[in-house]
Amino acid sequence: MNRQLLTGNAAAAWGARLAQVDYVPAFPITPQTEIIETLARWFERGEMTGRLTMLESEHSMVTAAAAAAATGVRVFTATSSQGLLYAMEMVFTVPGWRAPFVLVNVSRGLASPITLESDHNDVLATRDSGFLQVHCATCQEVLDHVLLAYRIAEDSRVRLPVIVNLDGFTLSFTREPVDLPATEAVQQFLPPFDPQNVRFRASKPVSQAVAVLAGSPYSYFRYETHLAAQQALSVLDEIAEQFFQAFGRRTGPLATYRSEDADMVFVMIGAGATKACEAADRLREAGVAAGVVRPRWLRPYPAAALRAALAGKKAVAVIDQDLSMGQGGVLHAELAAALYGMPNAPMLASIIGGLGGRNIPPEEFYEIAKRMLGFAARGETPPPQLLFTERELRQVRKLQAIAVVERKELGEKP
Amino acid sequence: MVVLDGVGGVAGRVGIGVGLGEAALAANLDEAFSAFDAMAAHEGVVHEGAAISARAYEAPDWTDLPFEPARVAAPDIFAPATSVQVRTGLWRTMRPVIDYAHCHRCVWVCSTLCPDSAIHVRADGAPEIDYEHCKGCLVCAAVCPPHAIQAVPEHEAAKIEGGGAG
(Lines give C-alpha, C1' and ligand atoms only; values in the text may rest on other atoms or scores of the structure.)
Protein backbone atom coordinates (compact mmCIF):
# COMPACT_ATOMS: atom_id res chain seq x y z
CA MET A 1 0.00 0.00 0.00
CA ASN A 2 1.35 3.37 -1.03
CA ARG A 3 0.63 5.95 1.69
CA GLN A 4 1.08 9.63 0.86
CA LEU A 5 0.32 12.99 2.45
CA LEU A 6 -2.19 14.52 0.07
CA THR A 7 -4.47 17.55 0.08
CA GLY A 8 -8.16 16.91 -0.60
CA ASN A 9 -7.63 18.42 -4.04
CA ALA A 10 -4.68 16.11 -4.79
CA ALA A 11 -6.74 13.15 -3.57
CA ALA A 12 -9.47 14.11 -6.06
CA ALA A 13 -6.89 14.33 -8.85
CA TRP A 14 -5.52 10.92 -7.87
CA GLY A 15 -9.03 9.52 -8.04
CA ALA A 16 -9.35 10.73 -11.64
CA ARG A 17 -5.87 9.40 -12.47
CA LEU A 18 -6.56 5.97 -11.00
CA ALA A 19 -9.93 5.86 -12.79
CA GLN A 20 -7.94 6.38 -16.00
CA VAL A 21 -10.27 9.05 -17.27
CA ASP A 22 -10.20 9.80 -20.99
CA TYR A 23 -11.26 13.42 -20.97
CA VAL A 24 -11.13 16.35 -18.54
CA PRO A 25 -12.87 19.57 -19.57
CA ALA A 26 -11.66 22.19 -17.10
CA PHE A 27 -12.03 25.74 -15.88
CA PRO A 28 -10.14 27.22 -12.90
CA ILE A 29 -11.81 28.54 -9.75
CA THR A 30 -10.68 28.85 -6.14
CA PRO A 31 -10.49 26.53 -4.20
CA GLN A 32 -10.66 23.84 -6.90
CA THR A 33 -7.86 24.96 -9.24
CA GLU A 34 -5.23 22.67 -7.68
CA ILE A 35 -7.18 19.67 -9.00
CA ILE A 36 -6.95 20.68 -12.65
CA GLU A 37 -3.39 21.99 -12.22
CA THR A 38 -2.37 18.58 -10.89
CA LEU A 39 -4.14 16.74 -13.72
CA ALA A 40 -2.72 19.14 -16.34
CA ARG A 41 0.80 18.37 -15.07
CA TRP A 42 0.20 14.62 -15.32
CA PHE A 43 -1.24 14.89 -18.82
CA GLU A 44 1.69 17.03 -19.92
CA ARG A 45 4.24 14.55 -18.55
CA GLY A 46 2.42 11.67 -20.20
CA GLU A 47 1.63 10.10 -16.81
CA MET A 48 -2.02 10.22 -17.84
CA THR A 49 -3.25 9.49 -21.33
CA GLY A 50 -6.29 11.24 -22.72
CA ARG A 51 -6.95 14.92 -22.95
CA LEU A 52 -7.49 17.93 -20.74
CA THR A 53 -9.16 20.91 -22.40
CA MET A 54 -9.54 24.36 -20.89
CA LEU A 55 -13.02 25.62 -21.70
CA GLU A 56 -14.13 29.24 -21.70
CA SER A 57 -16.64 28.81 -18.85
CA GLU A 58 -18.16 26.27 -16.50
CA HIS A 59 -21.33 26.26 -18.58
CA SER A 60 -19.31 25.03 -21.57
CA MET A 61 -17.28 22.76 -19.31
CA VAL A 62 -20.30 20.81 -18.03
CA THR A 63 -21.72 20.71 -21.56
CA ALA A 64 -18.42 19.32 -22.85
CA ALA A 65 -18.26 16.81 -20.01
CA ALA A 66 -21.72 15.41 -20.70
CA ALA A 67 -21.28 15.53 -24.48
CA ALA A 68 -18.04 13.56 -24.17
CA ALA A 69 -19.69 11.14 -21.76
CA ALA A 70 -22.43 10.65 -24.36
CA THR A 71 -19.79 9.30 -26.75
CA GLY A 72 -19.03 6.56 -24.26
CA VAL A 73 -15.71 7.74 -22.80
CA ARG A 74 -14.87 8.25 -19.11
CA VAL A 75 -15.03 11.93 -18.14
CA PHE A 76 -13.90 13.87 -15.08
CA THR A 77 -14.40 17.52 -14.28
CA ALA A 78 -14.26 19.82 -11.26
CA THR A 79 -15.57 23.18 -10.12
CA SER A 80 -16.66 25.19 -7.11
CA SER A 81 -19.22 27.70 -5.89
CA GLN A 82 -19.96 30.45 -8.44
CA GLY A 83 -18.56 28.19 -11.17
CA LEU A 84 -21.08 25.47 -10.35
CA LEU A 85 -23.84 28.06 -10.42
CA TYR A 86 -22.64 29.46 -13.73
CA ALA A 87 -23.01 25.93 -15.13
CA MET A 88 -26.42 25.47 -13.54
CA GLU A 89 -28.49 25.39 -16.72
CA MET A 90 -26.44 22.45 -17.93
CA VAL A 91 -26.23 20.87 -14.45
CA PHE A 92 -30.01 20.46 -14.63
CA THR A 93 -29.96 19.47 -18.30
CA VAL A 94 -27.34 16.73 -18.52
CA PRO A 95 -28.58 14.16 -15.96
CA GLY A 96 -31.53 13.58 -18.30
CA TRP A 97 -29.07 12.62 -21.04
CA ARG A 98 -28.33 9.56 -18.88
CA ALA A 99 -24.64 9.85 -19.79
CA PRO A 100 -22.54 9.19 -16.67
CA PHE A 101 -19.53 11.21 -15.52
CA VAL A 102 -18.02 12.51 -12.27
CA LEU A 103 -17.83 16.15 -11.22
CA VAL A 104 -15.85 17.08 -8.10
CA ASN A 105 -17.22 20.17 -6.37
CA VAL A 106 -15.06 21.91 -3.80
CA SER A 107 -17.65 23.62 -1.65
CA ARG A 108 -17.39 27.36 -1.16
CA GLY A 109 -19.97 29.85 0.08
CA LEU A 110 -22.00 31.72 -2.52
CA ALA A 111 -22.25 35.43 -3.23
CA SER A 112 -23.49 37.79 -1.94
CA PRO A 113 -21.34 38.90 -0.22
CA ILE A 114 -18.76 37.03 -2.24
CA THR A 115 -16.40 34.85 -0.22
CA LEU A 116 -13.86 32.06 -0.65
CA GLU A 117 -14.36 29.74 2.29
CA SER A 118 -16.60 26.79 2.65
CA ASP A 119 -20.24 26.10 3.16
CA HIS A 120 -22.68 23.88 1.32
CA ASN A 121 -25.12 26.21 -0.45
CA ASP A 122 -23.30 25.71 -3.75
CA VAL A 123 -23.65 21.94 -3.92
CA LEU A 124 -27.11 21.95 -2.36
CA ALA A 125 -28.27 24.20 -5.21
CA THR A 126 -27.81 21.13 -7.44
CA ARG A 127 -29.94 19.01 -5.11
CA ASP A 128 -32.91 18.66 -7.47
CA SER A 129 -30.90 18.39 -10.70
CA GLY A 130 -30.67 14.61 -11.10
CA PHE A 131 -26.96 14.52 -10.27
CA LEU A 132 -26.29 12.13 -7.42
CA GLN A 133 -24.19 13.73 -4.68
CA VAL A 134 -21.80 12.38 -2.07
CA HIS A 135 -20.07 14.39 0.69
CA CYS A 136 -16.56 13.57 1.90
CA ALA A 137 -15.09 14.24 5.35
CA THR A 138 -11.48 13.15 4.81
CA CYS A 139 -8.95 13.21 1.97
CA GLN A 140 -9.11 9.39 1.85
CA GLU A 141 -12.85 9.58 1.36
CA VAL A 142 -12.34 11.98 -1.54
CA LEU A 143 -10.15 9.53 -3.43
CA ASP A 144 -12.35 6.56 -2.54
CA HIS A 145 -15.54 8.30 -3.60
CA VAL A 146 -14.23 9.37 -6.99
CA LEU A 147 -13.69 5.65 -7.70
CA LEU A 148 -17.04 4.66 -6.15
CA ALA A 149 -18.78 7.46 -8.04
CA TYR A 150 -17.66 6.08 -11.40
CA ARG A 151 -18.92 2.62 -10.49
CA ILE A 152 -22.32 3.97 -9.46
CA ALA A 153 -22.62 6.53 -12.27
CA GLU A 154 -21.74 3.97 -14.95
CA ASP A 155 -23.87 1.15 -13.52
CA SER A 156 -26.55 0.30 -16.09
CA ARG A 157 -29.16 0.36 -13.29
CA VAL A 158 -28.31 4.01 -12.51
CA ARG A 159 -26.45 5.81 -15.31
CA LEU A 160 -26.51 9.30 -13.84
CA PRO A 161 -23.71 11.83 -13.29
CA VAL A 162 -22.32 12.10 -9.74
CA ILE A 163 -21.02 15.09 -7.79
CA VAL A 164 -18.30 14.22 -5.28
CA ASN A 165 -18.17 17.08 -2.78
CA LEU A 166 -15.36 18.18 -0.50
CA ASP A 167 -15.19 21.26 1.71
CA GLY A 168 -13.10 24.13 0.38
CA PHE A 169 -10.02 25.02 2.44
CA THR A 170 -10.76 22.73 5.41
CA LEU A 171 -10.39 19.68 3.17
CA SER A 172 -9.20 20.96 -0.21
CA PHE A 173 -5.99 22.41 1.24
CA THR A 174 -5.48 20.11 4.24
CA ARG A 175 -2.94 17.33 3.88
CA GLU A 176 -3.82 13.97 5.36
CA PRO A 177 -2.33 10.51 4.93
CA VAL A 178 -4.07 8.82 2.01
CA ASP A 179 -3.70 5.19 0.95
CA LEU A 180 -3.20 5.16 -2.80
CA PRO A 181 -4.52 1.85 -4.08
CA ALA A 182 -2.51 -0.03 -6.70
CA THR A 183 -3.52 0.62 -10.31
CA GLU A 184 -4.25 -3.07 -10.89
CA ALA A 185 -6.57 -3.21 -7.87
CA VAL A 186 -8.43 -0.15 -9.13
CA GLN A 187 -8.70 -1.62 -12.63
CA GLN A 188 -10.25 -4.72 -11.14
CA PHE A 189 -12.74 -2.74 -9.07
CA LEU A 190 -13.41 -0.21 -11.82
CA PRO A 191 -13.06 -1.80 -15.26
CA PRO A 192 -13.32 0.35 -18.40
CA PHE A 193 -16.72 1.95 -18.92
CA ASP A 194 -19.09 -0.29 -20.85
CA PRO A 195 -21.19 2.38 -22.58
CA GLN A 196 -23.79 0.02 -24.09
CA ASN A 197 -26.04 2.34 -26.11
CA VAL A 198 -24.35 5.51 -24.82
CA ARG A 199 -22.28 6.18 -27.89
CA PHE A 200 -21.72 8.67 -30.65
CA ARG A 201 -19.84 7.43 -33.69
CA ALA A 202 -18.93 8.96 -37.02
CA SER A 203 -21.48 8.18 -39.76
CA LYS A 204 -23.88 6.73 -37.17
CA PRO A 205 -26.05 9.67 -36.25
CA VAL A 206 -28.10 9.51 -33.05
CA SER A 207 -30.29 12.23 -31.56
CA GLN A 208 -29.79 12.09 -27.81
CA ALA A 209 -31.90 14.00 -25.32
CA VAL A 210 -34.59 15.13 -27.74
CA ALA A 211 -37.39 17.57 -26.90
CA VAL A 212 -40.84 16.43 -25.79
CA LEU A 213 -43.76 18.80 -26.11
CA ALA A 214 -46.23 17.15 -23.81
CA GLY A 215 -46.56 16.56 -20.10
CA SER A 216 -46.96 12.82 -20.30
CA PRO A 217 -43.69 11.88 -21.98
CA TYR A 218 -41.98 14.62 -19.94
CA SER A 219 -43.33 13.07 -16.73
CA TYR A 220 -42.14 9.66 -17.88
CA PHE A 221 -38.57 10.76 -18.53
CA ARG A 222 -38.33 12.87 -15.37
CA TYR A 223 -39.73 10.16 -13.11
CA GLU A 224 -37.49 7.52 -14.69
CA THR A 225 -34.51 9.70 -13.71
CA HIS A 226 -35.89 9.85 -10.16
CA LEU A 227 -36.33 6.08 -10.05
CA ALA A 228 -32.75 5.61 -11.26
CA ALA A 229 -31.52 7.94 -8.50
CA GLN A 230 -33.50 5.98 -5.91
CA GLN A 231 -32.26 2.69 -7.33
CA ALA A 232 -28.73 3.96 -6.73
CA LEU A 233 -29.26 3.31 -2.99
CA SER A 234 -29.30 -0.48 -3.38
CA VAL A 235 -26.60 -0.36 -6.07
CA LEU A 236 -24.52 1.68 -3.66
CA ASP A 237 -24.79 -0.97 -0.92
CA GLU A 238 -23.64 -3.63 -3.36
CA ILE A 239 -20.71 -1.59 -4.68
CA ALA A 240 -19.69 -0.48 -1.17
CA GLU A 241 -19.36 -4.16 -0.26
CA GLN A 242 -17.17 -4.78 -3.32
CA PHE A 243 -15.13 -1.72 -2.39
CA PHE A 244 -14.60 -3.14 1.10
CA GLN A 245 -13.48 -6.49 -0.36
CA ALA A 246 -11.03 -4.71 -2.69
CA PHE A 247 -9.60 -2.01 -0.42
CA GLY A 248 -10.66 -2.87 3.15
CA ARG A 249 -12.41 0.41 3.83
CA ARG A 250 -16.08 0.60 4.83
CA THR A 251 -18.22 3.15 3.09
CA GLY A 252 -21.94 3.57 2.49
CA PRO A 253 -24.72 6.11 2.68
CA LEU A 254 -24.17 6.94 6.37
CA ALA A 255 -21.11 7.26 8.58
CA THR A 256 -21.97 6.88 12.24
CA TYR A 257 -19.73 7.70 15.19
CA ARG A 258 -20.62 6.50 18.72
CA SER A 259 -24.26 7.00 17.82
CA GLU A 260 -25.62 3.54 18.63
CA ASP A 261 -25.96 4.13 22.38
CA ALA A 262 -26.10 7.93 22.17
CA ASP A 263 -28.80 10.09 23.79
CA MET A 264 -27.86 13.12 21.74
CA VAL A 265 -26.75 13.02 18.11
CA PHE A 266 -25.20 15.69 15.86
CA VAL A 267 -26.13 15.38 12.18
CA MET A 268 -23.68 17.03 9.81
CA ILE A 269 -22.23 16.46 6.34
CA GLY A 270 -18.66 16.90 5.13
CA ALA A 271 -15.43 17.72 6.94
CA GLY A 272 -17.18 19.76 9.65
CA ALA A 273 -18.56 16.50 11.05
CA THR A 274 -15.04 15.49 12.15
CA LYS A 275 -15.24 18.32 14.70
CA ALA A 276 -18.54 16.92 15.91
CA CYS A 277 -16.83 13.51 16.38
CA GLU A 278 -14.08 15.10 18.49
CA ALA A 279 -16.73 16.95 20.53
CA ALA A 280 -18.64 13.67 21.03
CA ASP A 281 -15.48 12.11 22.54
CA ARG A 282 -15.10 15.01 24.99
CA LEU A 283 -18.82 14.98 25.82
CA ARG A 284 -18.61 11.26 26.62
CA GLU A 285 -15.70 11.98 29.01
CA ALA A 286 -18.02 14.47 30.70
CA GLY A 287 -20.78 11.87 31.01
CA VAL A 288 -22.94 12.97 28.05
CA ALA A 289 -23.75 10.12 25.65
CA ALA A 290 -23.19 12.02 22.39
CA GLY A 291 -22.70 10.68 18.89
CA VAL A 292 -22.59 11.74 15.26
CA VAL A 293 -24.51 10.64 12.18
CA ARG A 294 -23.02 11.88 8.94
CA PRO A 295 -24.89 11.26 5.69
CA ARG A 296 -22.33 10.76 2.93
CA TRP A 297 -24.86 10.48 0.13
CA LEU A 298 -27.58 13.13 -0.02
CA ARG A 299 -28.85 12.05 -3.44
CA PRO A 300 -30.04 9.37 -3.29
CA TYR A 301 -31.30 10.38 0.17
CA PRO A 302 -30.73 7.56 2.68
CA ALA A 303 -34.04 8.09 4.52
CA ALA A 304 -34.43 4.53 5.81
CA ALA A 305 -30.86 4.38 7.12
CA LEU A 306 -31.35 7.76 8.87
CA ARG A 307 -34.60 6.59 10.46
CA ALA A 308 -32.87 3.46 11.72
CA ALA A 309 -29.86 5.39 13.05
CA LEU A 310 -31.92 8.07 14.84
CA ALA A 311 -34.89 6.08 16.18
CA GLY A 312 -35.23 6.37 19.95
CA LYS A 313 -32.64 9.14 20.43
CA LYS A 314 -33.58 11.84 22.91
CA ALA A 315 -32.28 14.78 20.89
CA VAL A 316 -30.90 15.27 17.39
CA ALA A 317 -29.29 18.56 16.33
CA VAL A 318 -28.86 19.09 12.60
CA ILE A 319 -26.04 21.56 12.02
CA ASP A 320 -26.63 23.01 8.56
CA GLN A 321 -23.68 24.74 6.88
CA ASP A 322 -26.19 26.14 4.44
CA LEU A 323 -29.21 28.40 4.55
CA SER A 324 -32.39 28.45 2.51
CA MET A 325 -33.49 32.09 2.89
CA GLY A 326 -36.98 32.26 4.29
CA GLN A 327 -36.98 28.62 5.30
CA GLY A 328 -33.81 27.69 7.23
CA GLY A 329 -31.51 24.68 7.18
CA VAL A 330 -31.87 22.43 4.13
CA LEU A 331 -30.66 19.24 5.82
CA HIS A 332 -32.92 19.85 8.83
CA ALA A 333 -36.00 20.13 6.61
CA GLU A 334 -35.08 16.96 4.72
CA LEU A 335 -34.45 15.02 7.92
CA ALA A 336 -37.70 16.28 9.45
CA ALA A 337 -39.51 14.94 6.38
CA ALA A 338 -37.74 11.58 6.74
CA LEU A 339 -38.55 11.26 10.46
CA TYR A 340 -42.13 12.55 10.30
CA GLY A 341 -44.64 10.10 11.68
CA MET A 342 -42.01 7.74 13.08
CA PRO A 343 -43.37 6.56 16.47
CA ASN A 344 -40.07 6.87 18.37
CA ALA A 345 -38.84 9.99 16.58
CA PRO A 346 -36.31 12.12 18.48
CA MET A 347 -36.60 15.81 19.30
CA LEU A 348 -35.17 17.43 16.16
CA ALA A 349 -33.44 20.84 16.39
CA SER A 350 -32.11 23.10 13.66
CA ILE A 351 -28.74 24.83 14.04
CA ILE A 352 -27.26 27.06 11.35
CA GLY A 353 -23.49 27.18 11.72
CA GLY A 354 -20.24 27.32 9.84
CA LEU A 355 -21.49 29.59 7.04
CA GLY A 356 -18.67 30.88 4.84
CA GLY A 357 -16.03 28.91 6.75
CA ARG A 358 -17.07 30.27 10.17
CA ASN A 359 -15.46 27.95 12.72
CA ILE A 360 -17.53 25.88 15.13
CA PRO A 361 -15.39 25.55 18.29
CA PRO A 362 -15.77 22.60 20.70
CA GLU A 363 -17.57 24.72 23.30
CA GLU A 364 -20.43 25.31 20.87
CA PHE A 365 -20.89 21.58 20.32
CA TYR A 366 -20.90 21.06 24.12
CA GLU A 367 -23.44 23.81 24.62
CA ILE A 368 -25.66 22.52 21.82
CA ALA A 369 -25.64 19.03 23.39
CA LYS A 370 -26.42 20.39 26.85
CA ARG A 371 -29.25 22.66 25.72
CA MET A 372 -30.80 20.10 23.35
CA LEU A 373 -30.93 17.45 26.04
CA GLY A 374 -32.55 20.06 28.31
CA PHE A 375 -35.22 20.85 25.72
CA ALA A 376 -35.82 17.16 25.07
CA ALA A 377 -36.24 16.47 28.81
CA ARG A 378 -38.91 19.20 28.96
CA GLY A 379 -40.62 17.82 25.87
CA GLU A 380 -39.89 21.01 23.91
CA THR A 381 -38.36 21.73 20.52
CA PRO A 382 -36.21 24.88 20.39
CA PRO A 383 -36.54 27.41 17.57
CA PRO A 384 -33.83 27.32 14.87
CA GLN A 385 -30.58 28.91 16.02
CA LEU A 386 -27.70 30.63 14.26
CA LEU A 387 -24.29 30.07 15.79
CA PHE A 388 -23.31 33.71 16.21
CA THR A 389 -21.79 35.34 19.28
CA GLU A 390 -21.89 38.77 20.90
CA ARG A 391 -18.24 39.14 19.96
CA GLU A 392 -19.00 38.50 16.29
CA LEU A 393 -21.81 41.04 16.38
CA ARG A 394 -19.39 43.61 17.84
CA GLN A 395 -17.05 42.91 14.92
CA VAL A 396 -19.88 43.55 12.45
CA ARG A 397 -20.87 46.73 14.31
CA LYS A 398 -17.30 47.97 13.84
CA LEU A 399 -17.56 47.45 10.06
CA GLN A 400 -20.93 49.17 10.03
CA ALA A 401 -19.44 52.13 11.91
CA ILE A 402 -16.92 52.51 9.09
CA ALA A 403 -19.78 52.43 6.58
CA VAL A 404 -21.52 55.21 8.51
CA VAL A 405 -18.35 57.33 8.37
CA GLU A 406 -18.13 56.70 4.62
CA ARG A 407 -21.71 57.88 4.18
CA LYS A 408 -21.00 61.02 6.15
CA GLU A 409 -17.98 61.71 3.95
CA LEU A 410 -20.30 61.54 0.96
CA GLY A 411 -22.53 64.15 2.63
CA GLU A 412 -25.31 61.64 3.27
CA LYS A 413 -27.23 61.45 6.47
CA PRO A 414 -26.18 58.22 8.18
CA MET B 1 14.87 50.63 16.97
CA VAL B 2 13.60 50.92 13.41
CA VAL B 3 14.90 53.92 11.45
CA LEU B 4 12.49 55.42 8.96
CA ASP B 5 14.66 58.26 7.65
CA GLY B 6 12.22 61.13 7.74
CA VAL B 7 9.11 59.42 6.32
CA GLY B 8 7.44 58.90 9.69
CA GLY B 9 5.55 55.68 10.12
CA VAL B 10 4.44 55.33 6.53
CA ALA B 11 7.25 53.21 5.05
CA GLY B 12 4.70 50.50 4.26
CA ARG B 13 2.64 52.90 2.20
CA VAL B 14 5.46 54.28 0.06
CA GLY B 15 7.02 50.89 -0.57
CA ILE B 16 10.05 49.23 0.99
CA GLY B 17 13.24 51.18 0.46
CA VAL B 18 11.66 54.07 -1.42
CA GLY B 19 13.26 57.30 -0.25
CA LEU B 20 14.84 55.71 2.83
CA GLY B 21 18.47 55.64 1.82
CA GLU B 22 20.89 52.72 2.05
CA ALA B 23 21.88 53.24 5.69
CA ALA B 24 18.31 53.24 6.96
CA LEU B 25 17.49 50.21 4.84
CA ALA B 26 20.48 48.30 6.25
CA ALA B 27 19.49 49.28 9.80
CA ASN B 28 15.92 48.08 9.20
CA LEU B 29 17.15 44.78 7.77
CA ASP B 30 19.38 44.27 10.85
CA GLU B 31 16.39 44.90 13.07
CA ALA B 32 14.29 42.41 11.12
CA PHE B 33 17.02 39.74 11.25
CA SER B 34 17.62 40.19 14.98
CA ALA B 35 13.86 39.90 15.62
CA PHE B 36 13.88 36.71 13.55
CA ASP B 37 16.89 35.33 15.45
CA ALA B 38 15.21 36.15 18.76
CA MET B 39 12.55 33.57 17.86
CA ALA B 40 15.19 30.79 17.63
CA ALA B 41 14.70 29.87 21.29
CA HIS B 42 11.10 28.97 20.52
CA GLU B 43 11.93 26.73 17.57
CA GLY B 44 9.89 23.53 17.52
CA VAL B 45 7.73 24.33 20.52
CA VAL B 46 4.46 24.51 18.59
CA HIS B 47 2.20 21.72 19.83
CA GLU B 48 -1.40 20.82 19.37
CA GLY B 49 -3.38 22.39 22.20
CA ALA B 50 -4.91 20.26 24.94
CA ALA B 51 -8.45 19.09 24.32
CA ILE B 52 -11.04 21.46 25.77
CA SER B 53 -13.02 19.67 28.46
CA ALA B 54 -16.76 19.35 28.07
CA ARG B 55 -17.08 19.31 31.89
CA ALA B 56 -15.88 22.85 32.47
CA TYR B 57 -15.84 25.19 29.53
CA GLU B 58 -16.68 28.78 28.75
CA ALA B 59 -20.17 28.77 27.26
CA PRO B 60 -20.44 30.64 23.93
CA ASP B 61 -22.03 34.09 24.25
CA TRP B 62 -24.59 33.41 21.56
CA THR B 63 -26.84 36.22 20.53
CA ASP B 64 -29.99 36.41 18.44
CA LEU B 65 -29.35 38.52 15.37
CA PRO B 66 -31.84 41.40 15.25
CA PHE B 67 -33.60 42.20 11.99
CA GLU B 68 -32.08 45.28 10.38
CA PRO B 69 -33.30 47.06 7.22
CA ALA B 70 -31.40 46.48 3.98
CA ARG B 71 -30.00 50.01 4.14
CA VAL B 72 -27.94 48.81 7.11
CA ALA B 73 -27.70 45.09 6.35
CA ALA B 74 -26.43 45.20 2.73
CA PRO B 75 -22.68 44.63 2.31
CA ASP B 76 -21.84 48.04 0.83
CA ILE B 77 -18.74 50.20 0.83
CA PHE B 78 -19.58 53.87 0.44
CA ALA B 79 -16.05 55.19 -0.09
CA PRO B 80 -15.19 55.69 -3.76
CA ALA B 81 -12.50 53.97 -5.88
CA THR B 82 -11.64 51.21 -3.39
CA SER B 83 -11.06 48.66 -6.17
CA VAL B 84 -8.09 50.76 -7.32
CA GLN B 85 -6.34 49.53 -4.18
CA VAL B 86 -6.71 45.89 -5.22
CA ARG B 87 -3.71 45.14 -7.43
CA THR B 88 -5.30 42.63 -9.79
CA GLY B 89 -2.21 42.93 -12.04
CA LEU B 90 -0.68 40.28 -9.78
CA TRP B 91 -2.91 37.68 -11.48
CA ARG B 92 -1.33 38.27 -14.91
CA THR B 93 0.65 35.53 -16.66
CA MET B 94 0.87 37.26 -20.07
CA ARG B 95 1.67 40.97 -20.38
CA PRO B 96 0.38 43.11 -23.25
CA VAL B 97 3.12 45.55 -24.34
CA ILE B 98 2.37 48.48 -26.64
CA ASP B 99 4.79 49.07 -29.50
CA TYR B 100 4.42 52.84 -29.75
CA ALA B 101 6.27 52.94 -33.10
CA HIS B 102 3.34 51.11 -34.68
CA CYS B 103 0.50 52.44 -32.49
CA HIS B 104 -2.02 54.46 -34.55
CA ARG B 105 -3.42 56.25 -31.47
CA CYS B 106 -6.88 54.78 -32.21
CA VAL B 107 -7.19 54.62 -28.43
CA TRP B 108 -10.96 54.20 -28.41
CA VAL B 109 -10.44 50.61 -29.56
CA CYS B 110 -8.13 49.23 -26.87
CA SER B 111 -9.22 51.52 -24.03
CA THR B 112 -12.93 50.85 -24.62
CA LEU B 113 -12.64 47.11 -25.04
CA CYS B 114 -10.35 46.56 -22.04
CA PRO B 115 -12.68 44.72 -19.62
CA ASP B 116 -10.77 46.07 -16.61
CA SER B 117 -10.57 49.72 -17.70
CA ALA B 118 -6.81 49.34 -17.39
CA ILE B 119 -5.88 51.26 -20.55
CA HIS B 120 -5.76 55.01 -20.10
CA VAL B 121 -5.18 57.74 -22.67
CA ARG B 122 -2.16 59.94 -22.01
CA ALA B 123 -2.16 63.69 -22.57
CA ASP B 124 -0.28 63.12 -25.84
CA GLY B 125 -3.10 60.90 -27.10
CA ALA B 126 -1.25 57.58 -26.75
CA PRO B 127 -2.73 54.63 -24.84
CA GLU B 128 -1.01 53.48 -21.66
CA ILE B 129 -1.55 50.18 -19.86
CA ASP B 130 -2.00 50.25 -16.09
CA TYR B 131 -0.05 47.12 -15.14
CA GLU B 132 -1.18 47.39 -11.52
CA HIS B 133 -4.65 46.33 -12.69
CA CYS B 134 -4.20 44.70 -16.14
CA LYS B 135 -5.00 40.98 -15.70
CA GLY B 136 -3.40 40.02 -19.00
CA CYS B 137 -6.54 38.85 -20.80
CA LEU B 138 -4.98 40.13 -24.07
CA VAL B 139 -8.28 41.40 -25.49
CA CYS B 140 -6.35 44.60 -26.39
CA ALA B 141 -3.71 42.60 -28.29
CA ALA B 142 -6.45 40.75 -30.19
CA VAL B 143 -8.37 43.87 -31.23
CA CYS B 144 -5.50 46.32 -31.93
CA PRO B 145 -5.99 47.27 -35.65
CA PRO B 146 -2.27 47.87 -36.47
CA HIS B 147 -1.20 44.83 -34.39
CA ALA B 148 0.90 47.06 -32.20
CA ILE B 149 0.30 45.23 -28.91
CA GLN B 150 2.54 42.25 -28.26
CA ALA B 151 1.99 39.52 -25.66
CA VAL B 152 5.03 38.81 -23.52
CA PRO B 153 5.07 36.03 -20.89
CA GLU B 154 5.15 37.72 -17.50
CA HIS B 155 8.29 35.90 -16.31
CA GLU B 156 10.19 37.18 -19.37
CA ALA B 157 8.82 40.70 -19.01
CA ALA B 158 9.82 40.64 -15.35
CA LYS B 159 13.38 39.59 -16.28
CA ILE B 160 13.73 42.44 -18.77
CA GLU B 161 12.58 44.99 -16.21
CA GLY B 162 14.28 43.29 -13.26
CA GLY B 163 11.06 43.08 -11.29
CA GLY B 164 7.86 43.72 -13.17
CA ALA B 165 4.47 44.58 -11.81
CA GLY B 166 4.15 41.31 -9.93
Side-chain angles (χ1 to χ4, degrees), chain A residues 28 30 56 111-115 264 275 278-288 290 351-353 356 359-371 382-394 396-397 399-414, chain B residues 13 46-94 113-116 133-143 151 153-155 166:
Chain A
T30 300
E56 77 278 14
S112 282
I114 198 157
T115 191
M264 190 275 156
K275 292 179 192 170
E278 168 75 16
D281 284 345
R282 301 287 85 76
L283 281 161
R284 292 229 169 210
E285 285 168 9
V288 180
I351 309 284
I352 305 293
N359 185 38
I360 306 176
E363 294 92 330
E364 293 199 324
F365 285 103
Y366 306 158
E367 192 69 8
I368 292 167
K370 187 174 122 185
R371 292 196 190 187
Q385 190 193 340
L386 172 71
L387 299 184
F388 199 81
T389 62
E390 286 283 354
R391 184 192 163 86
E392 289 175 285
L393 187 57
R394 285 202 302 278
V396 171
R397 291 290 181 241
L399 296 171
Q400 287 173 324
I402 295 168
V404 167
V405 171
E406 288 166 351
R407 283 180 193 175
K408 277 184 184 159
E409 282 173 359
L410 289 174
E412 248 191 81
K413 274 188 191 170
Chain B
R13 274 195 215 167
V46 177
H47 299 297
E48 191 178 351
I52 297 167
S53 166
R55 253 181 237 287
Y57 61 92
E58 195 180 332
D61 56 341
W62 286 327
T63 184
D64 289 329
L65 269 190
F67 166 79
E68 291 175 337
R71 185 175 148 72
V72 173
D76 299 333
I77 295 175
F78 296 90
T82 51
S83 55
V84 173
Q85 295 172 32
V86 182
R87 293 173 62 208
T88 47
L90 297 169
W91 304 7
R92 191 173 57 239
T93 55
M94 293 290 281
L113 291 172
C114 172
D116 284 299
H133 300 96
C134 162
K135 298 193 192 107
C137 71
L138 304 182
V139 166
C140 56
V143 299
E154 195 57 34
H155 61 276

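Chain naming here is simple, since letters A, B, ... match the order of the sequence lines and numbering starts at 1 in each. What's counted below: heavy atoms across the whole structure, side chains too, no hydrogens, waters or symmetry copies.
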Got Lys370(A) and Tyr57(B) here, is their nearest side-chain heavy-atom distance under 4.5 Å?
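Yes, side chains in contact.
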Roughly how far, to the nearest 0.5 Å, is the [atom2] atom of [Y] from the [atom1] atom of [X]?
| X | Y | atom1 | atom2 | value |
| --- | --- | --- | --- | --- |
| Ser53(B) | Arg282(A) | OG | CZ | 9.0 Å |
| Asp61(B) | Phe388(A) | CG | CZ | 10.5 Å |
| Leu65(B) | Ile352(A) | CG | CD1 | 12.0 Å |
| Glu58(B) | Glu367(A) | CD | CD | 11.0 Å |

If I measure from the heavy atoms of chain B, does [X] come under 4.5 Å with its side chain, its backbone, both, or neither?
| X | value |
| --- | --- |
| Leu283(A) | both |
| Ile114(A) | neither |
| Leu387(A) | both |

Mind ranking Glu392(A), Arg284(A), Gln385(A), Glu278(A) by heavy-atom pairs under 4.5 Å with chain B and telling me who comes out on top?
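It is Gln385(A).
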Minimum heavy-atom separation for Ile52(B) to Pro362(A), with atom names?
CD1-CG, 3.9 Å
Distance only, no hydrogens: is a donor on one side chain within 3.5 Å (strictly under) of an acceptor on the other, for Glu390(A) and Trp62(B)?
no
Portion of Ile77(B) that has a non-hydrogen atom of chain A nearer than 4.5 angstrom
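It is both, since atoms from each part get that close.
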Are Arg55(B) and Glu363(A) close enough for a salt bridge, meaning some N to O gap below 4.0 Å?
no
